[in-house]
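Remember, predicted model here, so these are calculated numbers, not experimental data. The sequence lines fix the lettering, A, B, ..., with proteins before strands; numbering per chain opens at 1.
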There are 2 protein chains.
Amino acid sequence: MVRQTKQREAIKNTFETVDRPLSPTEVLEITQTCIPTLSVATVYRALATLTEAGWLSRVEIPGEASRYERSGKQHHHFFVCRICDRAFAVHGCVDGLARMTPTGFTLEAHDIVLRGVCSECLQD
Amino acid sequence: MVRQTKQREAIKNTFETVDRPLSPTEVLEITQTCIPTLSVATVYRALATLTEAGWLSRVEIPGEASRYERSGKQHHHFFVCRICDRAFAVHGCVDGLARMTPTGFTLEAHDIVLRGVCSECLQD
DNA sequence: ATAGATGCAAAGGGTTTGCACTTGA
DNA sequence: TCAAGTGCAAACCCTTTGCATCTAT
C-alpha cells in the first residue's frame with residue numbers, strides 16, 4: 001500500500017511544475033527548495049515507486065543518466081541541448097523506420113534523440 | 001606520439017574479431033583471454049586513446065553503458081535486441097527530423113535506436 | 001635515455017542498501 | 001498500532017586518476 005508523504009507530494013509537485021524530463025539530481029535540488037532535508041535516497045526510492053505505479057515514466061537518452069517524466073503523454077521524442085544539457089519533449093515522428101529494419105528482425109519500438117542547442121542557449 | 005604496445009594491439013584485435021559495439025567490460029573480458037594481466041585502467045585508457053585517434057567511435061544507446069566500435073563506417077544507427085541485448089548496425093536514415101525540431105532550436109545531430117527482436121532470437 | 005604506457009590501488013560520481021527512527025493510515 | 005517511508009552513512013558499481021614501474025622508440 002502506497003502512503004502519501006510530504007516528500008512524495010513535493011516530488012510529484014516538482015514534476016507537475018517543471019514540465020520536462022528530470023534527472024534524480026535535478027529532482028533532488030528542485031524539491032529541496034520545499035523540503036531542505038530531503039535525501040537522495042528518498043528521491044531514488046520515490047522515482048522507483050512512482051515509476052512502478054505508472055505515475056512516472058523513465059526516459060533514456062544515449063550517454064546520459066536516466067531521467068523521469070510524468071506518464072500519459074502521447075508518443076514523443078527528445079531534443080537534448082549540448083550546452084545546458086536539458087531535455088525537451090518534441091512531438092511528431094518520422095516515417096521510414098521500418099525500412100531501416102534488417103530483414104528477419106522484428107521492430108517493436110524506437111527512440112529518436114535530436115541534439116543541438118536550445119533557443120535559450122543560442123541567445124548567449 | 002602513440003606507441004604500439006601488446007595491450008593495445010590485443011584490444012584492437014578484439015574489435016577486429018568481434019564485429020559489434022563492445023562495452024569496456026566486454027573488451028576487458030575478451031582481451032584477457034590473450035593477456036590475463038590486462039587491467040581495467042588500461043582498457044579505459046586505450047578506448048580513450050583509440051577514440052581520440054579516430055580508430056574507435058563511441059556508440060551511445062539509451063539506457064545502456066557506452067559501447068565502442070571501429071570507426072570508418074558510414075552514417076548508421078542501431079537495432080538493439082531486447083532478448084540478447086546485442087546491438088546491430090543498421091544503415092540508412094530517415095527524413096523529417098528537421099520538422100520535429102522546435103522553433104528557435106538548432107539541430108546538429110541525432111540518434112535513432114530501433115528496438116525489437118533480432119532474427120537469431122526469433123528462431124528460439 | 002626518456003616520454004609514453006601499464007598495473008595497482010585509491011579516489012570520484014552516481015545509485016542502492018542496511019538500519020534505526022519517524023510517520024501515515 | 002505498526003508497516004511503510006525517511007535520513008544517514010556505508011556499500012556498490014563503473015570510470016578516472018596518482019604514482020611507481022616498465023617499455024617502445
D:dG5 P sits how many Å from A:Lys12 NZ, rounded?
12 Å
Classify the ring geometry between A:His77 and A:His110 as parallel (under 30°), tilted (30 to 60°) or perpendicular (over 60°).
tilted
Expressed as a whole number of angstroms, how long is the span from B:Glu52:CD to C:dG4:P?
13 Å
For B:Gln4, I'd like to know if atom CD has over 12 heavy atoms of other residues, nucleotides or ligands within 6.0 Å.
no
Walking DNA chain D from its 5' end, the first of A:Ala41 and B:Ser66 to be reached, judged by nearest nucleotide, is A:Ala41
Check the distance between D:dT25's P and B:Glu9's CD and give it to me in whole angstrom.
9 Å
Between atom CZ in A:Arg3 and atom P in C:dG24, what is the gap in whole Å?
9 Å
What's B:Ser39 touching, base or sugar-phosphate or nothing? Going by heavy atoms closer than 4.0 Å.
base
Walk me through it: do A:Leu97 and B:Val94 pass the test side-chain contact (heavy atoms from CB on, under 4.5 Å)?
CA-CA 7 Å; A:Leu97 293 171; B:Val94 296; 3.9 Å; yes
Without decimals, in angstroms, what is the distance between A:Gln4 CD and D:dA4 C1'?
14 Å
Under 4.0 Å, heavy atoms only, any strand: does B:Thr37 hit a base, just the sugar-phosphate, or nothing?
sugar-phosphate
Is a salt bridge present between A:Arg58 and A:Glu60, judged by a nitrogen-to-oxygen distance below 4.0 Å?
yes
Using a cut-off of 4.0 Å on non-hydrogen atoms, how would the nucleic acid contact of B:Arg45 be classed: base, sugar-phosphate, or nothing?
base
Contact under 4.0 Å: B:Gln7 side-chain N or O vs D:dT23 OP1/OP2:
no
For the pair made of CG in B:Leu50 and P in C:dG4, what is the distance, rounded to whole Å?
17 Å
Figure out the CD1/P separation between A:Ile35 and C:dT23, and round it to whole Å.
12 Å
Tell me the interatomic distance from A:Arg8, atom CZ, to C:dT23, atom P, rounded to whole angstroms.
15 Å
Any chance CD of B:Glu16 has more than 12 other-residue heavy atoms, nucleotides or ligands included, within less than 6.0 Å?
yes
When we call it a touch if two heavy atoms are under 4.0 Å apart, what does A:Val40 touch: a base, just sugar-phosphate, or nothing?
nothing
Pick the nucleotide of DNA chain C nearest each of A:Thr25 and B:Thr5; which residue has the one closer to the 5' end?
B:Thr5
